[in-house]
Number of protein chains: 2
Amino acid sequence: MRATIKDVAKLAGVSPSTVTRVIQNSPAISQKTKDHVRKAMQELNYHPNLNARSLVSSYTQVIGLVLPDDSDIFYQNPFFPTALRGISQVAADYNYAIQISTGKDEEQRLEAISQMVYGKRVDGLIFLYSKPDDPLVQLAIQHNFPFLILGKASSPFVSLVDNDNIQAGFEATTYFINKGFQNIAFVAGNKELVVSQDRYQGYKNALKAHNIPLDENKVKFTSGFLLEDSAYKITRKLIKQKPDAIVTTDTSVAEGIVQYLTEIGVKLPIISFDSVKPKLAIDAYVDVHAIKLGRVAFNTLHQIINDSKENKQVCYRRVIPHTITEL
Amino acid sequence: MRATIKDVAKLAGVSPSTVTRVIQNSPAISQKTKDHVRKAMQELNYHPNLNARSLVSSYTQVIGLVLPDDSDIFYQNPFFPTALRGISQVAADYNYAIQISTGKDEEQRLEAISQMVYGKRVDGLIFLYSKPDDPLVQLAIQHNFPFLILGKASSPFVSLVDNDNIQAGFEATTYFINKGFQNIAFVAGNKELVVSQDRYQGYKNALKAHNIPLDENKVKFTSGFLLEDSAYKITRKLIKQKPDAIVTTDTSVAEGIVQYLTEIGVKLPIISFDSVKPKLAIDAYVDVHAIKLGRVAFNTLHQIINDSKENKQVCYRRVIPHTITEL
DNA sequence: CTGAAAGCGCTTACAG
DNA sequence: CTGAAAGCGCTTACAG
């Protein structure tokens with residue numbers, strides 16, 4: 001059988017509480033005792049039962065990652081694995097484990113997250129998506145459970161880590177304006193998503209700042225599950241407006257556009273958004289630095305968890321700078 | 001405060017053990033009592049403390065997903081999110097949660113997995129990679145801990161779920177042979193990986209079966225972190241061998257090849273392997289059906305966990321069929 | 001069909 | 001600097 005804290009205590013000739021204190025590296029314990037106990041732990045290959053620890057101490061050293069529905073386009077995008085990398089890098093340093101939670105629909109996801117929260121399986125949550133009035137977020141708010149959104153939240157009292165997508169849209173558009181283009185089209189992903197709206201706002205702001213009139217015929221939003229397919233079809237119409245450059249919010253969208261343009265033998269300057277260097281022949285991309293987003297997200301959640309232990313309620317809002325890279 | 005099992009028992013006028021039995025839907029309990037207790041649970045919004053449950057019952061309803069090093073090319077590939085989808089779909093049906101585990105190097109990963117296993121945080125493990133003599137797999141074997149490898153294992157006594165990569169390599173090559181090509185090149189990812197070796201074996205088998213001599217100058221393996229970059233460079237040399245078609249084992253590799261070929265204005269038929277429809281203009285791809293792999297992986301692990309409760313030791317080896325799709 | 005008791009493996013005051 | 005006791009919230013035999 002696995003060794004318990006009692007076995008270690010016996011072998012080291014101390015009480016179980018002393019063993020606990022050694023594990024916690026309590027300054028109250030003498031160096032000599034610590035050495036003894038540690039030797040005993042080694043000898044018995046002792047590892048604490050984390051369930052027992054969590055039961056009594058009511059912290060788990062686990063955080064939950066809340067993903068959107070299983071069917072979501074989310075999984076097509078390198079954003080998720082990249083942000084996950086950032087989160088897990090910092091989590092490993094703090095010795096935190098990561099539990100992920102998704103489901104086929106909202107009901108199943110709500111059930112899963114309830115179990116995590118009520119069942120005391122995690123100390124905090126990171127939402128890897130952002131949508132208005134999400135019931136899962138509501139649950140966290142109601143129970144005063146530590147959480148943070150990786151994205152833009154509608155409520156002003158929610159902690160979040162995000163890019164400044166309005167500014168990024170502005171800069172992406174300005175990139176082309178500065179190169180002398182005047183008929184810049186804009187093609188975004190799902191219109192409902194806050195990121196699409198924000199980047200569109202940035203696009204409009206940039207045109208305005210340079211006194212270029214907005215032509216809504218040059219603005220398109222994709223729909224459906226496969227972004228490329230939708231973008232491909234949209235381009236057919238878009239091209240009639242004779243744009244001289246295209247700002248797009250997603251590499252998948254850019255892929256659809258490029259595919260159509262290639263087929264009809266047209267070449268247009270394109271800028272896109274991505275979390276990794278696009279494998280596509282486009283001119284530039286806005287790097288949202290998903291690894292950094294993930295790293296800061298974990299750090300911030302960690303902060304929030306500690307705050308809540310002290311009954312502090314702080315709302316953190318962190319912006320991760322983007323960069324524009326020419327290809 | 002959150003309601004405990006005692007609160008429910010009191011409200012329902014029964015003992016805590018009866019509440020437990022109702023939760024377990026034990027046939028020993030009368031319908032009337034069940035109704036009472038369930039009503040009380042509803043009223044108090046009762047959710048069991050899972051740490052307490054795991055402590056005493058020593059099962060967790062959590063499985064661990066073991067990922068390769070944080071720096072690994074693994075994260076560039078859609079295989080991971082796709083397989084994860086499959087795993088989490090079935091996990092949700094069984095009401096299992098998923099914990100993921102990675103780290104910056106093997107030491108950190110071993111530490112993380114030790115905590116999961118010794119700390120009794122998970123009931124079983126799925127390894128999402130496969131390499132010879134992996135110390136993490138050793139740990140699981142030594143402790144008789146339920147696990148399974150999503151990939152090919154070197155030991156014959158390890159459960160696994162995988163494609164038949166030799167057969168797939170054979171078919172991919174035959175696809176071109178049947179179209180009349182005779183000078184088929186082969187470009188694979190990292191030579192150390194078992195999948196690369198297996199697909200190469202399939203390539204050789206196909207040539208042999210059609211009496212086409214193997215020309216090792218037409219066989220290349222990439223190296224380094226960015227597969228496309230490596231493939232790009234390799235193509236420069238490869239092209240001197242005047243291949244008339246190329247079998248490649250990875251879409252990233254295919255991307256590098258296509259990029260080079262496009263630049264020099266050459267078009268060659270290419271077939272690749274992928275878990276999602278490639279966004280690249282190639283002729284066909286072998287779909288490894290990563291979702292299915294994930295689904296079967298969870299189901300099998302679930303089986304293994306149940307076997308181990310009954311002290312059964314069964315070694316499962318499941319093959320997931322691939323398909324070739326023309327684009 | 002149901003309850004009382006013991007215990008899972010820890011940690012946390014309390015006491016010295 | 002250290003120990004004895006109590007308890008976290010469940011479940012599992014045992015008994016009836």
Side-chain angles (χ1 to χ4, degrees), chain A residues 1-38 40-41 44-62 95 115-123 309, chain B residues 1-38 40-41 44-62 114-123 309:
Chain A
M1 269 310 293
R2 278 181 54 254
T4 71
I5 208 169
K6 281 188 188 171
D7 302 319
V8 175
K10 200 178 289 172
L11 182 62
V14 297
S15 74
S17 14
T18 297
V19 177
T20 290
R21 289 187 192 102
V22 173
I23 293 171
Q24 293 166 342
N25 200 18
S26 155
I29 302 291
S30 71
Q31 192 54 49
K32 204 177 145 200
T33 306
K34 281 185 184 172
D35 293 345
H36 271 157
V37 172
R38 281 182 185 137
M41 296 201 299
L44 297 171
N45 190 25
Y46 172 74
H47 288 261
N49 182 317
L50 299 178
N51 297 123
R53 175 181 290 173
S54 295
L55 176 57
V56 37
S57 71
S58 77
Y59 71 88
T60 59
Q61 297 270 104
V62 182
N95 204 23
Q115 288 204 25
M116 289 195 349
V117 169
Y118 293 124
K120 301 228 175 241
R121 272 282 153 87
V122 296
D123 296 338
K309 284 182 192 162
Chain B
M1 270 310 293
R2 280 180 55 255
T4 72
I5 208 168
K6 282 188 185 172
D7 302 319
V8 177
K10 201 178 287 172
L11 183 62
V14 297
S15 74
S17 15
T18 298
V19 177
T20 290
R21 290 188 191 102
V22 174
I23 294 172
Q24 294 166 342
N25 200 17
S26 155
I29 303 291
S30 73
Q31 192 55 48
K32 203 178 144 199
T33 306
K34 282 185 184 172
D35 292 344
H36 271 156
V37 172
R38 281 182 185 137
M41 295 201 300
L44 297 171
N45 190 25
Y46 172 74
H47 288 260
N49 181 317
L50 299 178
N51 297 124
R53 175 181 289 172
S54 295
L55 175 58
V56 36
S57 70
S58 74
Y59 71 87
T60 60
Q61 298 270 107
V62 183
S114 299
Q115 287 204 25
M116 290 194 351
V117 170
Y118 293 123
K120 301 227 174 242
R121 273 282 154 88
V122 296
D123 295 338
K309 283 182 193 162

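Reminder, nothing fancy here: chain letters follow the sequence lines and each chain counts from 1. None of these values were measured; they are calculated from a predicted model.
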Exercise. For Asn49(A) and dG7(C), what is the distance between atoms CG and P respectively, to the nearest whole Å?
Worked result: 18 Å

Exercise. What is the distance from NZ of Lys6(B) to P of dA4(C), rounded to the nearest Å?
Worked result: 12 Å

For this session: Return the value, rounded to whole Å, for the distance between atom CZ of Arg121(A) and atom P of dG9(D).
Result: 15 Å

For this session: Figure out the NE2/P separation between His36(A) and dT2(D), and round it to whole Å.
Result: 11 Å

For this session: Go through the steps to decide whether Arg53(B) and Asn49(B) satisfy the test side-chain contact (heavy atoms from CB on, under 4.5 Å), and finish with yes or no.
Result: CA-CA 6 Å; Arg53(B) 175 181 289 172; Asn49(B) 181 317; over 6 Å; no

Problem set entry | Side-chain N or O of Ser54(A) closer than 4.0 Å to phosphate OP1/OP2 of dC10(C) | no

Exercise. For the pair made of CZ in Arg2(B) and C1' in dG9(D), what is the distance, rounded to whole Å?
Worked result: 9 Å

For this session: Pick base, sugar-phosphate or nothing for Thr33(B), based on heavy-atom distances below 4.0 Å to the nucleic acid.
Result: sugar-phosphate

Exercise. Is a side-chain donor-acceptor pair under 3.5 Å present for Thr33(B) with Ser30(B)?
Worked result: yes

For this session: On DNA chain D, check which nucleotide each of Ser26(A) and Leu55(B) is closest to and give me the residue with the more 5' one.
Result: Ser26(A)

Exercise. Taking atom types as modelled, is there a side-chain donor on Arg121(A) or Ser54(B) under 3.5 Å from an acceptor on the other?
Worked result: yes

For this session: Flag the pair Tyr59(A) / Val122(A) as yes when at least one side-chain heavy-atom distance between them is below 4.5 Å, and no otherwise.
Result: no

Problem set entry | Point-to-point distance, once rounded to the nearest 0.5 Å, from CG of Asp7(B) to CG of Leu44(B) | 6.5 Å

Exercise. Reckon Thr4(A) has a side-chain N or O less than 4.0 Å from the OP1 or OP2 of dG9(C)?
Worked result: no

For this session: Among the candidates dT2(C), dT2(D), dC10(D), find the nucleotide nearest to the side-chain atoms of Ala28(A).
Result: dT2(D)

Exercise. What string of B, S and - do you get for nucleotides 11-16 of chain D, 5' to 3', if B is base contact, S is sugar-phosphate-only contact and - is no contact with any protein heavy atom under 4.0 Å?
Worked result: BBB---

Problem set entry | CE on Met41(B) to CD1 on Ile5(B), rounded to 0.5 Å | 9.0 Å

Exercise. Starting at the 5' end of DNA chain C and moving along, which residue's nearest nucleotide shows up first, His47(A) or Thr18(B)?
Worked result: Thr18(B)

Seminar exercise, completed: ring-ring contact (aromatic ring centres under 6.0 Å, His included) filter on Tyr118(B), not counting sequence neighbours, yields His47(A), His143(B)

Exercise. Once you round it to whole Å, what is the distance between C1' of dG9(C) and CG of Leu50(A)?
Worked result: 11 Å

Exercise. Within this structure, what is the NZ-to-P distance between Lys10(B) and dC10(D), rounded to whole angstrom?
Worked result: 14 Å

Exercise. With no hydrogens and no angle check, is any side-chain donor or acceptor of Thr18(B) less than 3.5 Å from a backbone partner on Val14(B)?
Worked result: no

Problem set entry | Secondary-structure string, 5' to 3', Watson-Crick or G-U under 3.5 Å, | for another-strand partners, for DNA chain D | |||.||||||||.|||

Problem set entry | Side chain to side chain, Val19(B) and Ile23(B), heavy atoms closer than 4.5 Å | yes

For this session: Send over the distance from Asn51(A) CG to dC8(C) C1', rounded to a whole Å.
Result: 10 Å

